[in-house]
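All values below come from the heavy atoms of this structure, side chains included, with hydrogens, waters and symmetry mates left out.
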Amino acid sequence: MSEQNAQFNLVQLGNVANTCTCFNLRKATRVVTQFFDEQLKPSGLLITQFTILVAIAQAGSGTINDLADLLVMDRTTLTRNLKPLEREGFVAIQPGEDRRIRVVSLTAKGRNALAVALPLWERAQTSVIDGLGQQQWNSLLIALNDTVSLAYEN
């Protein structure tokens, strides 16, 4: 491919930055993640780890595929995120009935970590809801759920 002098329409680029669904969701996600990570710091967990532990606790135990579906995550990404949790002793990963399937469960240490992190999460969650206001929070939650549903339809 020959190199061309690429030109961009600055108005169009500004439109992308202001209106692109993905751009704005990722920007909001980064800010919210940083806030929750800071609030959860005393627990030693990141928000990404916390949400995985919550999903495992909800499932009781589950296959990596089932957990990936629940979390709307790629299986390989989930596997990569489980490694530090397993290394820290928060989760146990055992072979399933079929050797290709692996089952994930919380350990006692994982349940304790979740118990320590939960009130920190509740405080962070309350702070976000108070900052947005209950009505705006409800609307945001509905919009986020609708967005996830839309992605599954396509």
Approximate separation, where rounding is to 0.5 Å, of Thr51 OG1 and Gln58 CD: 10.5 Å
Side-chain heavy atoms of Asp146 within contact of Leu150, under 4.5 Å: no
Thr63 versus Asn65, side-chain donor and acceptor atoms under 3.5 Å: no
Atom pair CD1 (Ile129) and CG (Leu132), whose distance is rounded to the nearest 0.5 Å: 8.5 Å
Pairwise side-chain contact, Leu78 with Arg75, heavy-atom cut-off 4.5 Å (strictly under): no
Atom of Pro84, atom of Gln49 and distance for their closest heavy-atom approach: CB-NE2, 4.3 Å
Spacing of Leu67 atom CG and Ser61 atom OG [to the nearest 0.5 Å]: 8.5 Å
Note, Leu10 side chain near Leu13 side chain (heavy atom, < 4.5 Å): yes
N/O donor-acceptor pair under 3.5 Å between Ser139 side chain and Gln135 backbone: yes
Flag side-chain contact, heavy atom, 4.5 Å: Leu118 against Val54: no
Donor-acceptor pair, side chain of Asn15 and main chain of Val11, under 3.5 angstrom: no
Same apolar cluster: Phe35 and Leu144, side chain cutoff 4.5 Å: yes
Spacing of Thr29 atom OG1 and Gln34 atom CD [to the nearest 0.5 Å]: 11.0 Å
For Phe36 against Gln125, the heavy-atom pair lying closest together: CZ-OE1, 3.5 Å
Atom of Leu70, atom of Ala55 and distance for their closest heavy-atom approach: CD2-CB, 3.7 Å
pair Leu106-Val91: side-chain heavy atoms closer than 4.5 Å: yes
Stepwise salt bridge (Lys or Arg N to Asp or Glu O under 4.0 Å) test for Glu38 and Lys41: CA-CA 5 Å; Glu38 185 62 33; Lys41 198 176 268 187; 3.4 Å; yes
From OG1 (Thr107) to CG (Asn112), nearest 0.5 Å: 8.0 Å
Verify same cluster id: Leu141, Val128 (apolar side-chain graph, 4.5 Å): yes
Leu45 vs Leu120, side chain to side chain contact (heavy atoms under 4.5 Å, CB included): CA-CA, chis, key distance, verdict: CA-CA 10 Å; Leu45 293 173; Leu120 300 170; over 6 Å; no
Aromatic ring pairing Trp121/Phe50, orientation class (parallel under 30°, perpendicular over 60°, tilted between): parallel
Atom pair CD1/OG1 of Ile93 and Thr79 - distance to nearest 0.5 Å: 7.5 Å
Path from Leu71 to Leu25 over hydrophobic side-chain contacts below 4.5 Å: yes
Steps toward side chain to side chain contact (heavy atoms under 4.5 Å, CB included) verdict (Leu82, Ile56): CA-CA 11 Å; Leu82 285 169; Ile56 296 167; 4.1 Å; yes
Validation row: Leu85, Val104 side chains within 4.5 angstrom (heavy atoms): no
Test item: Thr33 and Asp37 side chains (from C-beta on) under 4.5 Å apart, heavy atoms: yes
